[in-house]
Amino acid sequence: MLDPRFVAAEPDLVKQHLTRRHAGDDAFASVDRIVALTGRRTELVTEQGDLRAERNRLSKEIGGLFKQGKRDEAEAAKAQVQEVNARVGVIEQELALVEGEQRDLAMRLPNLLDDAVPEGASDEDNIEVSRWGTPRTFDFTPEAHVEVGDKLGILDMAKAAELSGARFSLLKGYGARLERALINFFLDLHTGEHGYTELQVPVIVQKHVPFGTGQLPKFSDDMFKLEQPLNGSPAYLIPTAEVPVTNLHRESILEDGEMNRKYVTFTPCFRSEAGSAGKDVRGLMRVHQFHKVELVQITRPEDSEAAHEEMVGQAEKCLQLLGLPYRKMLLCGGDIGFGARKCYDLEVWVPSQDRYREISSISNCGDFQGRRMNTRCRPAQAPGEKKKAKPVFVHTLNGSALAVGRTMLALLENYQQADGSVEIPEVLRPYMGVDVLRPQ
RNA sequence: GGAGGGAUGGCCGAGCGGUUGAAGGCGGCAGAUUCGAAAUCUGUUGUGCGGUGUUCCCGUACCGGGGGUUCGAAUCCCCCUCCCUCCGCCA
């Protein structure tokens with residue numbers, strides 16, 4: 001969330017960013033409304049403080065008067081306090097309304113954009129930063145992963161549909177094992193070489209958690225909501241591990257010595273895919289339930305830029321070790337996510353579609369989520385400074401490294417042979433126990 | 001599911017209607033001492049909001065969350081959440 005006071009102070013700047021995002025009219029209207037509400041709030045809070053000071057002064061007096069036995073004077077003062085309280089009550093009511101509306105509006109405004117984010121309305125305007133690897137030239141027509149997997153007997157989309165309908169997958173034998181191999185390979189890489197702490201987290205969370213990361217209140221349709229309340233709260237299946245992991249330090253202040261935090265976790269992810277009807281309906285590309293190994297970093301504000309580049313490199317490392325050709329895209333203002341100030345997508349080569357497709361998205365959210373979650377860190381005390389430095393909101397970053405289902409898709413397609421077999425990349429062989437998968 | 005006991009500042013822990021934002025201890029920071037360190041002594045040490053104040057000050061709010069009683073609530077009452085112990089149930 002943006003600081004409402006910042007919105008009130010710099011409405012034109014905020015609107016410039018909304019324009020770059022190609023935001024809707026309602027967002028622009030919200031900015032104007034926040035300016036008005038913030039002004040009113042300041043008036044109310046100031047008056048409330050003065051009145052409370054008056055009440056405290058009188059109450060203290062009353063205590064003294066009673067001790068001195070001056071009952072009449074005490075009663076008079078009581079009446080005076082009651083008048084003050086009546087006025088405080090009115091102010092508090094209005095304040096609650098003003099702050100509630102101000103917060104609701106602010107929660108629906110997207111993050112400001114980094115200067116580096118290019119102009120553009122859709123994914124067609126994203127900028128290609130670099131490419132790695134060369135798409136293989138096939139001396140036969142490469143098949144889509146669904147056919148490849150079917151012939152190997154490791155992927156059964158029909159059975160999945162029988163159980164759960166469209167957009168689900170079912171893996172068998174070496175398919176299930178390949179999924180597990182990828183998960184372990186990614187986790188071992190990030191914990192062993194990239195310095196991340198591995199977590200296992202709940203995948204059902206209470207309402208305040210997706211509020212913290214920004215899925216709520218605006219994108220509730222994208223998540224699966226449980227019918228049964230969870231410990232008294234509405235509950236959701238997580239759409240990404242970003243949601244529980246980024247919220248790990250909500251409502252707390254991290255000392256400088258505890259920074260920066262680097263977490264890696266493997267979770268299932270659940271997405272309703274509302275609004276993507278007809279898109280990528282076949283196979284593993286877009287499903288309601290998939291697995292993902294996710295990197296999350298919680299950093300000092302000054303470190304997030306470097307952390308972002310580091311994370312992209314770590315996700316790229318996964319693709320490089322698997323020998324999958326990819327390109328790195330810098331997302332434009334119209335395509336970037338709600339909470340991100342800057343975002344890279346990695347797109348892997350998909351032979352059957354003859355193009356690159358998203359396999360990882362790595363975002364720097366700046367302090368957008370930190371403010372929503374109230375996660376702060378305290379800068380190191382400068383030598384010679386008497387007082388501790390004021391806490392500041394942390395920066396948060398998240399990125400897939402990688403989405404497991406899409407990685408399997410890419411492997412099956414890029415490593416397929418004319419006879420229908422699929423070669424297993426070197427780095428996965430210890431996890432797989434075989435070098436090649438052959439048709440049954 | 002049943003019966004109890006808890007939740008206080010970075011941590012431990014007092015307070016149970018009025019100079020209590022909160023004793024005491026630990027930890028942290030600064031100073032003294034030391035060649036340096038340890039030990040010791042002294043001081044200091046929360047966060048948010050607001051202020052025609054800006055290396056500091058003033059006001060206000062915050063003792064799990066919400067509501068209530070009262071002139072005044074960490075303290076009394078109600079509801080909720082979480083944690084602990086015992087019993088039951090399940091694995």
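Below, chains carry the letters A, B, ... as their sequence lines are ordered, and counting in each starts from 1. Atom set for the values below is all heavy atoms of this structure, side chains included, hydrogens, waters and symmetry mates excluded. Nothing here was measured: the structure is a model prediction, and the numbers come from that model.
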NA contact type, [X], heavy-atom cut-off 4.0 Å: base, sugar-phosphate, or nothing?
X	result
A:T42	sugar-phosphate
A:K390	sugar-phosphate
A:N56	sugar-phosphate
A:A53	sugar-phosphate
A:L58	nothing
A:R57	nothing

When you compare [N] with [M], how far apart are their [atom1] atoms, in angstrom units rounded to a whole number?
N	M	atom1	value
B:A7	B:C12	P	12 Å
B:U33	B:G10	P	33 Å
B:G64	B:C11	P	13 Å
B:U60	B:U20	P	15 Å
B:G21	B:C26	P	24 Å
B:C89	B:A14	C1'	40 Å
B:C41	B:C62	C1'	35 Å

Atom pair distance, as rounded to whole Å: [atom1] in [X] and [atom2] in [N]:
X	N	atom1	atom2	result
A:E92	B:U60	CD	P	14 Å
A:R41	B:C49	CZ	C1'	6 Å
A:E54	B:C71	CD	P	16 Å
A:I91	B:G50	CD1	P	16 Å
A:E258	B:G28	CD	C1'	13 Å
A:Q206	B:C80	CD	P	15 Å

Please work out which of the three classes, parallel, tilted or perpendicular, describes the rings of A:Y431 and A:F185, given edges at 30° and 60°. perpendicular
Parallel, tilted or perpendicular: which fits the ring planes of A:F338 and A:F219, with parallel below 30° and perpendicular above 60°? perpendicular
Are more than 12 heavy atoms from other residues, nucleotides or ligands located less than 6.0 Å from atom CZ of A:R103? no
Given that both distances must come in under 3.5 Å, which nucleotide forms a Watson-Crick or G-U wobble pair with [N]?
N	value
B:C35	none
B:U70	none
B:G1	B:C87
B:A7	B:U81
B:U44	B:G28

Would you call [X] and [Y] a salt bridge, using N to O less than 4.0 angstrom?
X	Y	answer
A:E273	A:R286	yes
A:D222	A:R271	no
A:R87	A:E92	no

Winner on side-chain proximity to A:I253, out of B:A61, B:U47, B:G18, is B:U47
Does A:N85 place a side-chain N or O at less than 4.0 Å from the phosphate oxygens OP1/OP2 of B:G72? yes
With RNA chain B as reference, determine whether A:R378 or A:N231 sits nearer its 5' end, using the nearest nucleotide of each. A:R378
5′-ward residue of the pair A:A79/A:G63 relative to RNA chain B: A:G63
Charged tip of A:K262 within 45° of A:Y196 ring normal and under 6.0 Å: yes
